[in-house]
Trainee: 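Please read through the structure below; I'll follow up with questions.
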Amino acid sequence: MRTDTTTTRTTTAAGTTAGIAAVRNLGILAHVDAGKTTVTERILYLTGATHKRGEVHTGTTVTDFDPQERDRGITIFAAAVSCAWAGHRINLIDTPGHVDFADEVERCLRVLDGAVAVFDAVAGVEPQSESVWRQAERHGVPRIAFVNKLDRPGADLDAAVASIRERLHPRPLAVHLPIGAEDAFTGVVDLVHHRALIWDDEGTLAEGPVPADLADHTAARRQALEEAVAELDPRALEEYCTHGSLSPATLAAALRDLTRSGEAVVVLGGSAYRNRGIEPLLDAAVAYLPSPLDTPPAPSASPAPSAPPAPSAPPAGRDGQCGADPQQPLTALAFKVSAAPTGRLTYLRLYSGTLRKGDTVLDAATGRPERIARILRVMAGRHTEIDHALAGDIVAVIGPKTVRVGATLCDPDHPVLLEAPVSAEPVVTVAVEARRAADTDKLTAALARLTEEDPSLRLATDPDTGQRTLSGLGELHLEVAVEKIRREAGVEAVVGAPQVALREALVEGVSNFTYRHAKQDGGAGQFAHLVLDLVPAVDGFTFTSAVTGAQVPREYVQAVEAGCRDALTEGPLGGHPVTGLTVTLTDGATHPKDSSELAFRTAARLGLREALRVSRLHLLEPLAQVTVTVPEDAFGAVLGDLAARRATVQTTTTGHTGHGGNGGHGGTAQVEALVPLAELFGYASRLRSRTQGRGTFTTRPAGYAPAPTPVG
Ligand SMILES: Nc1nc2c(ncn2[C@@H]2O[C@H](COP(=O)(O)OP(=O)(O)OP(=O)(O)O)[C@@H](O)[C@H]2O)c(=O)[nH]1
Ligand SMILES: [Mg+2]
């Protein structure tokens, strides 16, 4: 992340539980271009973290600081910044909206306690908003919704709320009513506190009574809100039944509980670009979203077999206990590493304990000690050095040299391993080589550094050609990676044509496949005898054992499973990963002297390889769910082009006037289709030329399907 910054030194207030309760680890999530970075920028301005409002289109925002982000006008790397609002510390993470960087969002979601989901008031819920919403749901991260761009022609808060209800959550609770529409949008009625919030052209907020012409509308909306809340919250119901209405305090308390339990989603409105709606958004984040104390402790995993220390129990749990206790031994997750050659920054979320400058901590997975030379709070445009950080906080540290993304850093006397964020499997591969042979080593080092920062990038060597290959989540992902190497390491790379990552799936297995591994070349021999059944499965790989301990001891059975996994990395059709099968160990035999775990693992690897060679498999290719939005006059050409790309068209909608579309002035059409990813290379520029730049499309990974058999 930022490395070109000055460092200032400050002292911190002594940490208390009250201090932790005032922390909000907040993510900004949405579809590409909904306005996340603009919202973040306005938050930093309002909280005094910056003194000017940067803009995405002029490349002057705090969080899109990478030169590629500024050039492309999109967020690529998640950026964490701290600021203060109403006595609270907000650690804000601006995330990328483009699907190729979804892994970055996934890692951030692991360390967030709450999120603001941003929506475009014209487009409503867009495909990638739905994806990140589900991602947040999987992580149990409570959300509030901000319907942005209410200044745009065609903006409609009610329609956006309806699309949230239809696609994301059955209970969106709008707490704002817009004042003025489109270009004349000037503010909102705050239904909870029954007041008008109006911003002037400079973005200065004035609070006043609800305008007379909106009184009836406000009363009706307030009553509807009270009824919806009373229906969900028992305490509110009691008050509503007794008094026929709810006090602002009861309403706010209920909204907080419903947000945290996920039973309802508070919806606010505004226009970040016009500086309208950000103060109430911050107030709502502080009031409704949880603090680290309200968040259950991070899930811990069992230790890797190679990890020397035996991990202890994870930090104290929910159930009335503290989710983030500074007195407990240290546990922290490294969720982001910036491995720039000028200095390595490791971003940590502290789950328990206190981290002090100069501490030596343990990387639980590798067993390596790491010294924390400096602790930094990342502010807009600079870093503030602090001498300690408490449970619940997000900070960056300097010192650790080898910590990778997903590592747990903990107290060496209390080792614990947190579950690492799950990384998406790469679907696109390119061959890369240095333009000048002399740069080959430099390129390899730069590529290796990139994969440390971004585990969804994988580096390999093609077994046939010996070429270095880089795999990632999409064309843009790889393009950005190669460009980063050029800019930061000064190495020009030649990149091959993109290839999709294929898989091999079992169609018809074999049973009673016998394999005997016996080696006798002086010294200790190797002996293992196995009988395997291979059966197709819907997805993935499952191993089962039907042998008794007398036939094959338990530790050898585990070695057999490990050996099978080794074999599945390269299938018989073309060396692609193998999936969609269940392997059962049905029989086996050992030798009193020559059997070992190694012998069984080797036997399983070689045996399953052979069993796969005599089984029937087919190739699978990755699919993408594609939403294309185009002007109606280009619809026919776009459909024809999709058909030529082996698309399965699912729905088509014509005569859009905005909502769910790209916000054009009527006459837009939308196509939803499943398209093989291999057919989408270069689609962005093709669509641009077919629609004179007016078409847009978004993709989402949609699993795998059988690939057509190559002719000849
Ligand atoms: N009219 C209008 N435009 C806005 C508003 N907020 C943001 N924009 C514009 O929308 C575009 C995208 O805004 P960003 O803030 O970069 O959106 P983002 O969600 O961060 O985009 P990615 O990070 O690339 O996913 C920019 O041109 C903004 O100036 C708004 O309230 N009204
Ligand atoms: Mg952005």
Side-chain angles (χ1 to χ4, degrees), residues 1 27-46 53-66 68-81 92-105 108 115-133 135 145-157 160 176 178 180-188 199 201 203 268-281 474 476-477 480 658 662-664 684 696-700:
M1 274 170 125
I28 313 280
L29 307 173
H31 188 87
V32 71
D33 268 1
K36 297 173 292 296
T37 300
T38 309
V39 167
T40 304
E41 193 65 24
R42 297 306 185 264
I43 289 178
L44 294 177
Y45 178 78
L46 271 184
R53 303 183 182 107
E55 299 300 348
V56 175
H57 60 93
T58 52
T60 50
T61 65
V62 169
T63 51
D64 282 357
F65 57 80
D66 184 272
Q68 287 203 71
E69 295 178 316
R70 299 196 158 177
D71 287 357
R72 295 171 192 266
I74 59 167
T75 303
I76 296 168
F77 311 103
V81 220
L92 199 62
I93 300 187
D94 175 24
T95 66
H98 194 286
V99 64
D100 279 20
F101 310 109
D103 217 54
E104 188 87 358
V105 180
C108 294
V116 174
V118 180
F119 300 92
D120 180 326
V122 180
V125 176
E126 296 169 276
Q128 191 60 16
S129 340
E130 195 169 337
S131 302
V132 291
W133 184 273
Q135 250 175 310
F146 181 70
V147 176
N148 188 33
K149 307 198 184 183
L150 280 175
D151 61 302
R152 277 188 64 190
D156 186 341
L157 180 59
H176 283 169
E182 304 185 347
D183 211 31
F185 167 72
T186 53
V188 294
W199 288 267
D201 288 344
L268 303 95
S271 162
Y273 187 66
R274 302 280 185 94
N275 311 302
R276 291 176 176 151
I278 303 299
E279 293 92 338
L281 176 63
L476 181 64
H477 191 205
V480 163
N662 73 342
T696 59
F697 81 107
T698 60
T699 69
R700 277 189 287 169

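Counting starts at 1 for both ligands and their atoms, following the listed order.
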Trainee: Begin from the C-alpha positions of Glu55 and Arg42 and carry the test salt bridge (charged side-chain N to carboxylate O under 4.0 Å, His left out) through to its verdict.
Mentor: CA-CA 10 Å; Glu55 299 300 348; Arg42 297 306 185 264; 2.8 Å; yes
Trainee: Using a 4.0 Å cut-off to any heavy atom of Ser271, which atoms of ligand 1 qualify?
Mentor: 30 (C), 31 (O), 32 (N)
Trainee: Take atom CG in Asp71; do more than 12 heavy atoms of anything else shown fall under 6.0 Å from it?
Mentor: yes
Trainee: So that I can tick it off, tell me whether Lys36 and Asp94 are bridged by a salt bridge, with the cut-off set at under 4.0 angstrom between side-chain N and carboxylate O.
Mentor: no
Trainee: Of all the non-hydrogen atoms in the protein, which one sits nearest to atom 21 (O) of ligand 1, and at what distance?
Mentor: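 For this ligand atom, the closest protein heavy atom is Asp33 N, 3.0 Å.
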Trainee: Can you list the ligand 1 atoms lying under 4.0 Å from a non-hydrogen atom of Thr37?
Mentor: 15 (O), 18 (P), 20 (O), 23 (O)
Trainee: Less than 4.0 angstrom from a charged side-chain N to a carboxylate O is my criterion; do Arg72 and Asp66 meet it?
Mentor: no
Trainee: Nearest to atom 7 (C) of ligand 1, what protein heavy atom do you find, and at what distance?
Mentor: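 Of every protein heavy atom, Thr38 OG1, 3.4 Å lies nearest to atom 7 (C) of ligand 1.
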Trainee: Does ligand 1 have an atom under 4.0 Å from some heavy atom of Ala30?
Mentor: no
Trainee: Just to confirm my output: which protein heavy-atom neighbour is closest to atom 8 (N) of ligand 1, and how far is it?
Mentor: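 Protein heavy atom with the smallest distance to atom 8 (N) of ligand 1: Lys149 CE, 3.7 Å.
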Trainee: From Thr38, does some N, O or S atom reach closer than 2.8 Å to the Mg ion (ligand 2)?
Mentor: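 So Thr38 does not bind the Mg ion (ligand 2) by this criterion.
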Trainee: Using a 4.0 Å cutoff against the non-hydrogen atoms of Val56, which atoms of ligand 1 qualify?
Mentor: 14 (P), 15 (O), 16 (O)
Trainee: Considering only the protein, which heavy-atom contact is closest to atom 18 (P) of ligand 1, and what is its distance?
Mentor: Lys36 N, 3.4 Å
Trainee: Starting from atom 17 (O) of ligand 1, find the nearest protein heavy-atom neighbour and note its residue, name and distance.
Mentor: Gly35 N, 3.1 Å
Trainee: Where is the tightest heavy-atom contact between His57 and Tyr273, given as atom of each residue plus distance?
Mentor: NE2-OH, 3.7 Å
Trainee: Hey, are the side chains of Ile43 and Leu92 touching, using non-hydrogen atoms and a 4.5 Å cut-off?
Mentor: yes
Trainee: For salt bridge (charged side-chain N to carboxylate O under 4.0 Å, His left out), just list the numbers for Arg276 and Asp201, CA-CA rounded to whole Å, side-chain angles, deciding distance to a tenth of an Å, and then say yes or no.
Mentor: CA-CA 9 Å; Arg276 291 176 176 151; Asp201 288 344; 3.3 Å; yes
Trainee: With heavy-atom distances below 4.0 Å as the criterion, list the atoms of ligand 1 near Gly97.
Mentor: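 Matching atoms, with element in brackets: 25 (O).
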Trainee: Note the single closest protein heavy atom to atom 6 (N) of ligand 1, along with its residue, its atom name and the distance in Å.
Mentor: Asn148 ND2, 3.1 Å
Trainee: Please state whether the rings of Trp133 and Phe119 are parallel, tilted or perpendicular, taking 30° and 60° as the class boundaries.
Mentor: tilted
Trainee: May I ask you to check whether Thr75 brings an N, O or S atom to under 2.8 Å from the Mg ion (ligand 2)?
Mentor: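 Here the distance criterion (N, O or S atom, under 2.8 Å) is met by Thr75, so yes.
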Trainee: Considering non-hydrogen atoms only, spot the tightest contact between Ala272 and Thr38 and give its length.
Mentor: CB-CG2, 3.8 Å
Trainee: Any heavy-atom pair between the side chains of Gln128 and Thr698 that's under 4.5 Å?
Mentor: no
Trainee: Students should be able to answer this: which protein heavy-atom is nearest to atom 23 (O) of ligand 1, and at what distance?
Mentor: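 For atom 23 (O) of ligand 1, the nearest protein heavy atom is Thr75 OG1, 2.7 Å.
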Trainee: Taking non-hydrogen atoms only, is Asp151 closer than 4.0 angstrom to ligand 1 via side chain, backbone, both or neither?
Mentor: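 It is the side chain that gets close, since no backbone atom is under 4.0 Å.
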Trainee: Hey, are Thr60 and Thr58 close enough side-chain-wise for a donor-acceptor pair under 3.5 Å?
Mentor: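 The answer is yes; a qualifying pair exists.
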Trainee: Please report which non-hydrogen protein atom sits nearest to atom 30 (C) of ligand 1, along with the residue it belongs to and the distance in Å to one decimal place.
Mentor: Tyr273 CB, 3.2 Å
Trainee: Could you go step by step and tell me if Thr75 and Thr37 meet the side chain to side chain donor-acceptor pair (under 3.5 Å) rule?
Mentor: CA-CA 7 Å; Thr75 303; Thr37 300; 2.7 Å; yes
Trainee: Side chain, backbone, both or neither: which applies to Arg152 and ligand 1 if a contact is any heavy-atom pair less than 4.0 Å apart?
Mentor: side chain
Trainee: Are any of the N/O atoms on Ala272, whether in the backbone or the side chain, positioned under 3.5 angstrom from an N/O atom of ligand 1?
Mentor: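 Looking only at distances, the answer is yes, because the N/O contact criterion of under 3.5 Å is met.
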Trainee: What atoms in ligand 1 come closer than 4.0 Å to a heavy atom of Val32?
Mentor: 24 (O), 25 (O)
Trainee: Is there a polar contact, in the sense of an N or O pair closer than 3.5 Å, between Gly270 and ligand 1?
Mentor: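 No, since none of the N or O atoms of Gly270 sits under 3.5 Å from an N or O of ligand 1.
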Trainee: Go through the steps to decide whether Gln68 and Ile76 satisfy the test side-chain contact (heavy atoms from CB on, under 4.5 Å), and finish with yes or no.
Mentor: CA-CA 8 Å; Gln68 287 203 71; Ile76 296 168; 4.0 Å; yes
Trainee: Take atom 27 (O) of ligand 1 and look for protein heavy atoms under 4.0 Å from it; say yes if you find one, no if not.
Mentor: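 No, there is no protein heavy atom closer to it than 4.0 Å.
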Trainee: Using a strict 4.0 Å cut-off to heavy atoms of Ile74, name the atoms of ligand 1 that fall inside it.
Mentor: 24 (O)
